[in-house]
Amino acid sequence: MSKYFIYTIVYIIPFVINAQNYIFESNSNNTILKTIIYPDGQEYIHIENAGLWKDNKGDYGNERCIGIIKKNKLNSNVEVRCEHINQLGEKFWTLKVRNSELHQTGGGVSTYIAGTGKYKKYIGIECPYGVNYIENMVWYTQKCKMP
């Protein structure tokens with residue numbers, strides 16, 4: 001094998017494969033939870049938060065999210081809708097859904113529902129995400145393959 005072929009496999013192919021990944025990170029430290037607790041321990045929670053985001057394409061901006069969390073003794077079902085605005089005023093809207101066991105961390109799927117500008121091409125894309133909560137702070141990361 002030529003050294004150029006090995007160089008291509010080791011250095012170029014991973015770069016091309018990773019170039020298709022879209023990584024989006026956000027955080028907020030002002031999460032508001034309004035909770036109703038039923039006698040059997042079930043909870044219905046209205047969640048609101050706002051924060052900042054950045055991605056691996058060089059964009060950044062702010063976001064606000066509103067949603068519901070339904071919890072019982074073992075599981076939580078989360079549905080949160082967010083509006084994101086980048087530094088150029090372009091917007092996109094997402095739906096984040098998670099059904100999992102109760103933990104301070106979890107994962108789900110984020111779907112791009114609508115978008116303006118460059119984000120129109122994201123509509124319909126589904127991305128896995130992970131989230132971590134500590135008190136009223138939320139850290140969120142998604143990584144998806146772009147078509």
Side-chain angles (χ1 to χ4, degrees), residues 4-37 42-147:
Y4 298 108
F5 179 75
I6 293 172
Y7 176 83
T8 300
I9 290 176
V10 173
Y11 295 103
I12 303 296
I13 291 177
F15 177 76
V16 171
I17 291 171
N18 287 330
Q20 295 297 325
N21 286 337
Y22 178 65
I23 300 170
F24 177 93
E25 299 174 309
S26 69
N27 63 64
S28 71
N29 64 355
N30 60 349
T31 301
I32 299 169
L33 302 173
K34 297 177 182 175
T35 305
I36 295 175
I37 301 174
Q42 292 186 69
E43 296 180 41
Y44 186 87
I45 304 165
H46 176 263
I47 182 171
E48 292 183 34
N49 67 25
L52 302 173
W53 64 268
K54 67 177 184 171
D55 67 20
N56 67 331
K57 305 283 186 189
D59 287 312
Y60 55 91
N62 61 47
E63 68 180 6
R64 67 184 186 97
C65 301
I66 299 172
I68 60 168
I69 302 170
K70 298 176 191 174
K71 291 168 61 173
N72 62 32
K73 293 178 182 177
L74 301 174
N75 299 308
S76 66
N77 297 309
V78 179
E79 182 178 310
V80 176
R81 295 180 182 264
C82 300
E83 177 184 62
H84 313 266
I85 304 171
N86 76 359
Q87 74 277 10
L88 302 173
E90 297 171 308
K91 295 182 180 183
F92 58 97
W93 292 262
T94 57
L95 168 63
K96 298 169 182 6
V97 176
R98 177 167 62 99
N99 298 308
S100 63
E101 295 179 3
L102 289 179
H103 296 291
Q104 290 297 95
T105 61
V109 175
S110 178
T111 304
Y112 286 78
I113 304 299
T116 66
K118 72 177 92 179
Y119 299 107
K120 285 181 183 178
K121 66 184 177 189
Y122 289 42
I123 297 171
I125 293 175
E126 296 181 344
C127 303
Y129 73 83
V131 65
N132 191 5
Y133 304 94
I134 299 175
E135 295 179 10
N136 70 337
M137 297 177 285
V138 178
W139 287 271
Y140 172 92
T141 303
Q142 78 178 31
K143 182 178 179 181
C144 50
K145 297 277 186 193
M146 299 307 278

Check [X] against [Y] and note the closest heavy-atom contact, atom names and distance.
{"X": "Ile47", "Y": "Ile69", "value": "CD1-CD1, 4.2 Å"}
{"X": "Ile45", "Y": "Glu43", "value": "CD1-OE1, 3.6 Å"}
{"X": "Lys70", "Y": "Ile68", "value": "CE-CD1, 3.8 Å"}
{"X": "Lys120", "Y": "Gly115", "value": "CG-O, 3.2 Å"}
{"X": "Ile134", "Y": "Trp139", "value": "CD1-CZ3, 3.8 Å"}
{"X": "Asn30", "Y": "Ala50", "value": "OD1-O, 2.7 Å"}

Check whether any side-chain heavy atom of [X] lies under 4.5 Å from a side-chain heavy atom of [Y], and answer yes or no.
{"X": "Asn75", "Y": "Asn99", "answer": "no"}
{"X": "Gln42", "Y": "Ile36", "answer": "no"}
{"X": "Asn21", "Y": "Lys145", "answer": "yes"}
{"X": "Cys144", "Y": "Tyr129", "answer": "no"}

Contact list for residues 20-37, test salt bridge (charged side-chain N to carboxylate O under 4.0 Å, His left out), sequence neighbours left out:
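Salt bridge (charged side-chain N to carboxylate O under 4.0 Å, His left out) check on residues 20-37 returns Glu25-Lys54.
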
Among all residues two or more places apart in sequence or in another chain, which pass the side-chain contact (heavy atoms from CB on, under 4.5 Å) test with Glu126?
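Glu126: side-chain contact (heavy atoms from CB on, under 4.5 Å) contacts with Val109, Thr111.
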
Could you label the plane-to-plane angle of the Tyr22 and Phe24 rings as parallel, tilted or perpendicular, counting under 30° as parallel and over 60° as perpendicular?
tilted

How far does OG of Ser28 sit from CD of Glu48, to the nearest 0.5 angstrom?
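Rounded to the nearest 0.5 Å, the OG-CD separation comes out at 11.5 Å.
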
Identify every side-chain donor-acceptor pair in residues 87-95 under 3.5 Å, counting partners at least two apart or on other chains, and give the distances.
| from | atom 1 | to | atom 2 | distance (Å) |
| --- | --- | --- | --- | --- |
| Gln87 | OE1 | Tyr60 | N | 3.0 |
| Gln87 | NE2 | Asp59 | OD1 | 2.8 |
| Glu90 | OE1 | Asn86 | ND2 | 2.9 |
| Glu90 | OE2 | Lys118 | N | 3.2 |
| Trp93 | NE1 | Glu83 | OE2 | 3.2 |
| Thr94 | OG1 | His84 | NE2 | 2.9 |
| Thr94 | OG1 | Lys96 | NZ | 2.9 |

Distance-only polar pair, side chains of Gln142 and Tyr140, donor-acceptor under 3.5 Å
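Judged by distance alone, the side chains do pair up.
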
